[in-house]
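Everything on this sheet refers to the single structure shown next.
Just so it is clear: chains get the letters A, B, ... in the order the sequence lines come, proteins before strands, and each one is counted from 1. Values below: all heavy atoms of this structure, side chains included; hydrogens, waters and symmetry mates excluded. Just so it is clear, the structure is predicted and the values come from calculations on it, not from any experiment.
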Protein chains: 2
Amino acid sequence: MAQRSSKSATIIEVARQAGVSPATAGRVLGDYGYSSPEVQEKVRAAAAALGYRPNRLAKGLITGKTQTIGVVVGDIESPFYASVLRGIADVARGSGFGVIVTNSDESAEREREAVQLLLEKQVDGLIVSSTCVGDPGHLQAAISSNCPVVQFDRVATDLETDTVVIDNVAITRAGVTKLIEAGHRRIGILAELAPGKDKDLAGFVAQADPSDPDLYKHYPSWQRLLGYVEAYRQAGIEPDIELIRRVPTYASAAARKEALDLLTMRDAPTALFTADGLMSTGALQAISALKLAIPADVSLICFDDLDWMQFVAHGITAISQPTHLIGTSAAELLLQRIGGNASASQHRVLAAHLVERGSIAVCPEEVSG
Amino acid sequence: MAQRSSKSATIIEVARQAGVSPATAGRVLGDYGYSSPEVQEKVRAAAAALGYRPNRLAKGLITGKTQTIGVVVGDIESPFYASVLRGIADVARGSGFGVIVTNSDESAEREREAVQLLLEKQVDGLIVSSTCVGDPGHLQAAISSNCPVVQFDRVATDLETDTVVIDNVAITRAGVTKLIEAGHRRIGILAELAPGKDKDLAGFVAQADPSDPDLYKHYPSWQRLLGYVEAYRQAGIEPDIELIRRVPTYASAAARKEALDLLTMRDAPTALFTADGLMSTGALQAISALKLAIPADVSLICFDDLDWMQFVAHGITAISQPTHLIGTSAAELLLQRIGGNASASQHRVLAAHLVERGSIAVCPEEVSG
DNA sequence: TTTCGCGTTGTGAGCACTAACGTTACTCGT
DNA sequence: ACGAGTAACGTTAGTGCTCACAACGCGAAA
């Protein structure tokens, strides 16, 4: 019989109803310590009769554990983050954990506020794709107060946390190499390449070196650019800086604009590489607006395998990230830490793979040449 | 100077450091009651020095408010729910609230578990798109324990809650009417039409009546079917039950299969209406596999305006839901309730609109006929 | 019988914080 | 001059629960 009243029953009322002490009732309901079968039955019956619902706040206050993990992502609306979050939520649910989600909107300040809020809510751990890998003081603060952190996608390396990433450089190199093998020499690349508008793109490309611990390399889009440059160098070609397009604001409209510009320039590229889902959407808008055919007029490889890539044109060749697995891995690592695992930081590098479809044609100039 | 130690400082330590009582420190830091400027400064200085971070659990335990709202959706990975969630999160953040998200996977049992967990965590309110509109006992329990509930998309009408929905019947009727006006007489419809596999589809269509308070009408996909049927009847045509396809499992692969079947049947439809994003994706897969051209071979209207609909073929005409607004509205209504608003339930019906693109052609048979 | 140990239960403290109330000092109006 | 009002602060109790500890009974081992 459920309780009708507005205030729900406490464990003390259950105990009184069952004729035992609150501690005993707690032992039965909380499933710890000792209790005899007879008492268990009495307590459970009383709890059911009163519609007792444990108050996890009180429990958390005393145990120091809330069974809640906090997640900070750029934007849950993005398919990438949504899928990662789904993975996290699945693992969390399996262990009786709740998940508090916050969007940083790629703003360092919002991210800090979010982390602060989550810590005040006493989350047991944090999963973060940090906007500010160069200034992770807020994450360090979390770790210092015994709140383990797992980073994914973007990682601040001078932070002692578990991490889950994919090998952006290698998979991008593989993808761009496919285009080069098809004879393409002028391959445009569309990437966010945040933060730091002042960053010297030409300098970065010139001295591109995967072993260099440059801060910008911690951002996936810069890593993907690195893979792009490496693919060129491996083929003995020098990349043309004109073909590397930085999208000033992280939105498909901006990507579309940049793609339009790229595709209508003098000596336009014969192929395109897009560094993430938003870039892909923008590129497709531009290609559609220009009434170009894929792959007859322009070849294409997209980072992130979105739903529509299997049926647009003759299928879009894409790099597929194991998004769900990123989420489950991050959550599993975090739960291990919460469970007390104090071993050295684990760094998981998951495999992305190329989904070959019909968006790569042999370069016409190659054919005629 | 931030604290290095693992346990963070409490308000008592701050008070001691500042030379005041815990209550006074609480008043300063919690911004309630009275306190002199001098004391405020001392306390704030002490708090900063100790790296004090308020414990919201303790605060919540005593005030009965956690500044947290719980959200239950089918699947955060779906663009619809992701966008609604984004709206909720935006409003929540603006008011200093956290958001705990859970997926029900369209399972009534999981939904009940999720609600139970959220109530145990003492959320101040719940936003739910319920799977089990016919058996909302768990939601009634929430309301009874003073936890306001706002429903969106799907609503259990015999529950006294605020609701946020769109007018599925009207907008679908408008969309299908466009197809009929273009001369199409055989329009296939792809819809989930859960729950109740035993539900008599033919009977539902035969007696389709928008004023009938049938349980199934509370589900958007059934409502959309109703709009479809009404569009036919308004045009003086009787819908062909063969063209109404129920997708047995809610996945794009199943939708694809059903669409393939539909498009290759004898007397195949000349146009298609898809009742949500997953159906649209499945339909496009089928159309692509059959190498049909849109709209030359088949016209199309899709419910839910997904990213790719602006650049696929000549653009896909779509029904666009104000997803973000659904989320913000639901969150605003909930925050009002949490704030103490006890007026009668509000039922918001938001406007969806038709985004006309290039996926509707005049029916060829109409032209020749 | 004594001693030990174990299962079982109750008692009391305390987690970090806020609300209610009491006390003090001070101001103001008449 | 005196009561009322108010600002500022402290004391205390209480939020719902868990944990350490003590106490007790009972059977087995010494």
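In the model, K121(A) has no side-chain atom that pairs as donor or acceptor with a side-chain atom of T68(A) under 3.5 Å. Side chains of Q122(A) and T66(A): no donor on one and acceptor on the other come within 3.5 Å. Side chain to side chain, D105(B) and S107(B) fail the donor-acceptor criterion of an N or O pair below 3.5 Å. No side-chain donor from either of Q151(A) and T163(A) sits under 3.5 Å from a side-chain acceptor of the other.
For the pair V20(B) and L61(B), both in contact range of DNA chain D, the more 5′-proximal nearest nucleotide belongs to V20(B).
Residue I11(B) is classed as a sugar-phosphate contact, given heavy-atom separations below 4.0 Å to backbone atoms only.
Spacing between atom CG of L50(B) and atom C1' of dA16(C) amounts to 15 Å, rounded to whole angstrom units. Note: CD1 (I12(A)) to P (dG10(C)) measures 14 Å, nearest angstrom. I62(A) has its CD1 atom 12 Å from the C1' atom of dT15(D), to the nearest Å. Here the C1' atom of nucleotide dA7(D) and the CD atom of E38(B) are 12 Å apart, to the nearest Å. Atom CD of E120(A) and atom C1' of dC17(C) are 13 Å apart (whole Å). With rounding to whole Å, N55(B) atom CG is found 9 Å from dT18(C) atom P. Counting to the nearest Å, the P atom of dG16(D) and the CZ atom of R56(A) are 17 Å from each other. Between the CZ atom of R16(B) and the P atom of dC9(D) there is a distance of 19 Å, rounded to whole Å.
One can find a donor-acceptor pair under 3.5 Å joining the base of dG10(D) and the side-chain atoms of R27(B).
If you check dA16(C), dT18(D), dC9(D) against the side chain of T63(A), the one that comes closest is dT18(D). The A23(A) side chain lies nearest to dC19(D) when the options are dC17(D), dC19(D), dT9(C).
Using a cutoff of 4.0 Å between basic side-chain nitrogens and carboxylate oxygens, R337(B) and D124(B) are not scored as salt-bridged.
Between dT8(C) and Y34(A), no contact under 4.0 Å exists linking OP1 or OP2 to a side-chain N or O. Within the structure, every side-chain polar atom (N or O) of S35(A) is placed at least 4.0 Å from both OP1 and OP2 of dT9(C). Taking 4.0 angstrom as the limit, S36(B) places a side-chain polar atom (N or O) nearer than this to OP1 or OP2 of dC9(D). Listed pair Y32(B) / dC17(C) fails the phosphate criterion, with no side-chain N or O lying under 4.0 Å from OP1 or OP2. Within the 4.0 Å cut-off from OP1 or OP2 of dG10(C), at least one side-chain nitrogen or oxygen of S21(A) is found.
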